[in-house]
Colleague: 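Mind looking over this structure? Questions follow.
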Amino acid sequence: MIKVLFICLGNICRSPMAEAIFRDLVKKEGLSDEVIVDSAGIGDWHVGSAPHQGTRNLLDNLSISYQGISARQVTDKDWEDFNYIIAMDEKNINDLNAIRNQHGEVVVKRLMEFVANPKEENVPDPYFTNNFEYTYELVSQGCKELFKEIRAAHNL
Ligand code: 4NP
């Protein structure tokens, strides 16, 4: 079982978008029993909230389910539970490193590190830009490449 956790600042815009998109890719490839997907935020401001309206509109337009997704904060246990902790930007990585409690096997990377020649190193935060389409363009590209890498690494 491979476990993937997407991280952003508030866990209402970017990382739930990535969670829904990645889970959809996994499901379409019939790998839902092999790959578990979740997301969490660095901050606790929106704990328990559904994804932001902009993320929900975008996912609705693509008929991608976000059922059951509600915001939570990253926990100590996540470092033991997940094989991949994938952040939206460098600030998230710095925040994660500050709270990291073990240095085991977990892969901690930015999503755009999986894309060759990415348009951006960091996924822009639509909470501030209001550009959910551009965020989606990057997140979906990153998710596809991450999925390829995970499949290759684990013979899925
Ligand atoms: P996200 O966007 O990290 O993509 O979920 C944000 C959502 C809320 C806040 C910041 C970023 N906030 O400060 O409440």
Colleague: Nearest heavy-atom pair of S70 and G48: which atoms, and what distance?
Modeller: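 Distance-wise, the nearest heavy atoms are CB-O, 3.8 Å.
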
Colleague: Would you check if the side chain of H52 reaches a backbone N or O of G54 as a donor-acceptor pair within less than 3.5 Å?
Modeller: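 Flag set: sc H52 to bb G54 pair under 3.5 Å.
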
Colleague: So K77 and E80, do their side chains get closer than 4.5 Å, heavy atoms only?
Modeller: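 Yes, their side chains come closer than 4.5 Å.
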
Colleague: So L156 and E29, do their side chains get closer than 4.5 Å, heavy atoms only?
Modeller: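 E29 vs L156: side chains apart.
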
Colleague: I'd like to know whether R14 forms a salt bridge (Lys or Arg N to Asp or Glu O under 4.0 Å) with D125, so could you lay out the CA-CA distance, the side-chain angles of the two residues, the decisive distance to 0.1 Å, and finally the verdict.
Modeller: CA-CA 7 Å; R14 294 167 294 172; D125 193 340; 3.2 Å; yes

Colleague: Do N94 and N97 have a side chain donor and acceptor closer than 3.5 Å?
Modeller: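 No, no side-chain donor-acceptor pair sits under 3.5 Å.
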
Colleague: Is there a donor-acceptor pair under 3.5 Å between the side chain of D38 and the backbone N or O of L5?
Modeller: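 Side chain of D38 to backbone of L5, a donor-acceptor pair under 3.5 Å: no, none is there.
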
Colleague: Measuring from E113:CD to I93:CD1, what's the distance to the nearest 0.5 Å?
Modeller: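 If we round to the nearest 0.5 Å, E113:CD and I93:CD1 are 6.5 Å apart.
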
Colleague: As an exercise, state the distance from CG of N11 to CG of D44, rounded to the nearest 0.5 Å.
Modeller: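 N11 atom CG to D44 atom CG measures 11.5 Å (nearest 0.5 Å).
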
Colleague: Kindly give the heavy-atom pair with the smallest separation between G142 and F114, and that separation in Å.
Modeller: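 The answer is O-CB, 4.4 Å.
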
Colleague: Answer yes or no: is there a side-chain heavy-atom contact under 4.5 Å between L146 and F22?
Modeller: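 A side-chain contact exists here, since the closest heavy-atom pair is under 4.5 Å.
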
Colleague: Is K144 atom NZ crowded by more than 12 heavy atoms from other residues, nucleotides or ligands, each under 6.0 Å away?
Modeller: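 At most 12 heavy atoms, drawn from other residues, nucleotides or ligands, come within 6.0 Å of this atom.
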
Colleague: Please confirm whether the backbone N or O of V74 pairs with a side-chain atom of D78, one donor and one acceptor, at under 3.5 Å?
Modeller: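 No: the side chain of D78 does not pair with the backbone of V74.
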
Colleague: Are L25 and I36 connected in the hydrophobic side-chain network, where two residues link if heavy atoms are under 4.5 Å apart?
Modeller: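 L25 does not cluster with I36.
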
Colleague: Within the 4.5 Å heavy-atom criterion, are V35 and H154 side-chain neighbours or not?
Modeller: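 A side-chain contact is absent here, since even the closest heavy-atom pair is not under 4.5 Å.
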
Colleague: Strictly distance-based, threshold 3.5 Å: is any side-chain N or O of E34 a donor or acceptor partner for the main-chain N or O of M1?
Modeller: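 No, E34 side chain to M1 backbone: no donor-acceptor pair under 3.5 Å.
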
Colleague: What pair of heavy atoms forms the shortest contact from C143 to F6, and how long is it?
Modeller: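 Looking at all heavy atoms of both residues, the shortest contact is SG-CZ, 4.2 Å.
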
Colleague: How long is the straight-line distance from CG of N61 back to CZ of R56, given to the nearest 0.5 Å?
Modeller: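 Between R56 CZ and N61 CG, I get 13.0 Å after rounding to 0.5 Å.
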
Colleague: Taking C-beta and beyond as the side chain, do E121 and E90 meet within less than 4.5 Å on heavy atoms?
Modeller: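 No, their side chains stay 4.5 Å or more apart.
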
Colleague: Could you check if a side-chain atom of K91 sits within less than 4.5 angstrom of a side-chain atom of I42, using non-hydrogen atoms only?
Modeller: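 Sidechains of I42 and K91: no contact.
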
Colleague: What distance do I69 atom CD1 and T55 atom OG1 have between them, rounded to the nearest 0.5 Å?
Modeller: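 Answer for the CD1-OG1 pair, I69 versus T55, is 9.5 Å.
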
Colleague: Can you measure from NZ (K109) to CG (L96) and round to the nearest 0.5 angstrom?
Modeller: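 K109 atom NZ to L96 atom CG measures 15.0 Å (nearest 0.5 Å).
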
Colleague: Under the rule for salt bridge (charged side-chain N to carboxylate O under 4.0 Å, His left out), what residues qualify as partners of K27, not counting sequence neighbours?
Modeller: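 So K27 forms no salt bridge (charged side-chain N to carboxylate O under 4.0 Å, His left out) with any residue.
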
Colleague: Evaluate the side-chain proximity of L58 to E133: yes if any heavy-atom separation is below 4.5 Å, no if none is.
Modeller: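 The answer is yes, as the side chains (C-beta and beyond) meet within the 4.5 Å cut-off.
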
Colleague: Can you pull the ring-ring contact (aromatic ring centres under 6.0 Å, His included) pairs that have at least one residue in residues 53-76, sequence neighbours excluded?
Modeller: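 Listed by first then second residue: nothing to list.
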
Colleague: Between L62 and Y136, is any pair of side-chain heavy atoms under 4.5 Å apart?
Modeller: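 A side-chain contact under 4.5 Å exists here.
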
Colleague: With rounding to the nearest 0.5 angstrom, report the OG to CZ distance, S32 to R23.
Modeller: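 Going from the OG atom of S32 to the CZ atom of R23 covers 9.0 Å.
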
Colleague: Applying the 4.5 Å side-chain criterion to the ILVMFWY set and letting contacts propagate, would I2 and I85 be lumped into a single cluster?
Modeller: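 Different clusters: I2 never reaches I85 through Ile, Leu, Val, Met, Phe, Trp or Tyr contacts under 4.5 Å.
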
Colleague: Membership question, hydrophobic clusters at under 4.5 Å side-chain separation (ILVMFWY): are I64 and L31 in the same one?
Modeller: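 Yes, L31 and I64 fall within the same hydrophobic cluster.
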
